[in-house]
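Comments concern the structure below.
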Amino acid sequence: MRGTSSFLIVANRLPVDRVGDNQWRRSPGGLVTAIAPVMQRRDGAWLGWTGAAGEELKPFDHDGMHLIPVPLSSLEIELYYEGFSNATLWPLYHDVVAPPVYSRVLWDAYRAVNDRFARAAAEAAAPGALVWVQDYQLQLVPAMLRRLRPDVKIGFFLHIPFPPIELFYQLPWRKELVEGLLGADLVGFQRPGGAQNFIRLCRRLLGTPVQRMEVLLEERTVRAEAFPISVDFGEFDQLVRDPNVQARAKEIRGELGDPEHVLLGVDRLDYTKGIGQRLKAFSELLKEGSLMPGEASFVQIATPSRERVEEYVRLRNDIELMVGRINGEHGQLGRQPINYFHQSYDRQELAALYCAADVMVVTPLRDGMNLVAKEYVACRHDLRGALVLSEFAGAADELRQAYLVNPYDIDGMKRAMLAAMRATPHEIGRRMRSLRRRVATHNVDKWASDFLTALES
Ligand code: ADQ
């Protein structure tokens, strides 16, 4: 098995969305933007699922990228993707904020699909290729691939948090999973804490000797390191300088009734994002009279996500009930304190929303990084706008000048939201300048090149 790609990305999804019969559009998002130039430079390929059930497509080229589809049946989508990835690993890795489902049927499907990805990667990779495996859906791929192709260099990056040993130990297949990751030469995490959890786990669970951030296997060493992911700062910075985006931002404020304060939340509708907690804090500010009716408007965008997983169905109902209650209690004819949208938006509209918001409220209970926080910062060249940010988001390591909050502490969140609304323009500007400096110098290109440099060295 020898292919021709000297640089290979292996991810659950291909970086394109279907827009018609055999017509594709590049998916929005930093990962593709960061990696596309590297792919073009290195004769690279991207291996992943198209997003449709039971589809067997031949490799094709799009937008200068060579794409290799990996098929998934609808049963595999249910068991591997919605099941083991999103109902077992996702909650387990996010502090078990929802109970993980442990099922052998799901595990078997996860292993089988990982095996398919590993075989496809082994076929596509040129001798000595660099293979970069992405995220929690494919944690067994590094070891499976190494068995087939010991000549390639393998990197793995986990986009979500890596939990402490005490939680990870719940997983009935904990040993297999760690051994899967140890097939890589370099395992990347969002935060240093994740890398440390992994190193500790290797020592405790497998009894493998470790030295600082390296696991010493008999025949080779595996390095663990943090590479905080970021956004394409330049793209957002440019986007918001477009007069159309500025005009739209103004229009949004007008449509909201030109309140004094616009607060904004933008998240996938996920129970890790702390949407309920932040809405509760906001509603208490209204109830106790800290905010006057009509003084502030909260816009909550909740992108549809994982709609066939039971927990997500329940969450949607809970949030929508809550929004209805708050608006019922505090709204006026034609004016509601919470404007809730269960929709996706394009980059322009998202950028206009960021520009329209005085306070961006990002309060996950646990989050690998949180790109929304960084996108907001990248959009505020006017140095207006305050960021309220959870300590439990990876982004909190870098964005120290945000109003940092514990999302479990409702009173603390109320204080932070009020402080952000009441701060002087000078204070807001001082904080935003410092946040922007960080995101501008640590953008997504740096993330990709730091990882690849470490992998190659
Ligand atoms: P997510 O959990 O999806 O990512 P996040 O990092 O916030 O979370 O990224 C969401 C992305 O979706 C952002 O780029 C945002 O602009 C976009 N988005 C959100 N709502 C949208 C809407 N309604 N319409 C259009 N776009 C929308 C996972 C991890 C994170 C980690 C990233 C990247 O959970 O912790 O930061 O991967 O590694």
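We count ligands from 1, going down the list as the structure has it; atoms in each ligand are counted the same way.
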Inset, instruction - Compile the protein residues with any heavy atom at a distance under 4.0 Å from an atom of ligand 1; present them by chain, then by number. - result: W90, H159, Q190, I229, V266, R268, K273, I301, T303, Q343, S344, Y345, R347, L350, Y354, D367, G368, M369, N370, L371, V372, E375

Inset, instruction - Tell me whether the guanidinium CZ or amine NZ of R306 lies under 6.0 angstrom from the six-membered ring centre of W90 and within 45° of its axis. - result: yes

Legend entry - Whether Y93 and F168 hold their rings parallel, tilted or perpendicular, with breakpoints at 30° and 60°: tilted

Legend entry - Residue list, side-chain hydrogen bond (donor to acceptor under 3.5 Å, both in side chains) with Y354, at least two apart or on another chain: E375

Inset, instruction - Step by step, work out the ring-ring contact (aromatic ring centres under 6.0 Å, His included) result for W447 and F157. - result: CA-CA 11 Å; W447 168 78; F157 185 77; 5.1 Å; yes

Legend entry - Y271-Y312 aromatic ring centre distance below 6.0 Å: yes

Inset, instruction - Examine W173 together with F84 and report whether their ring centres are nearer than 6.0 Å. - result: yes

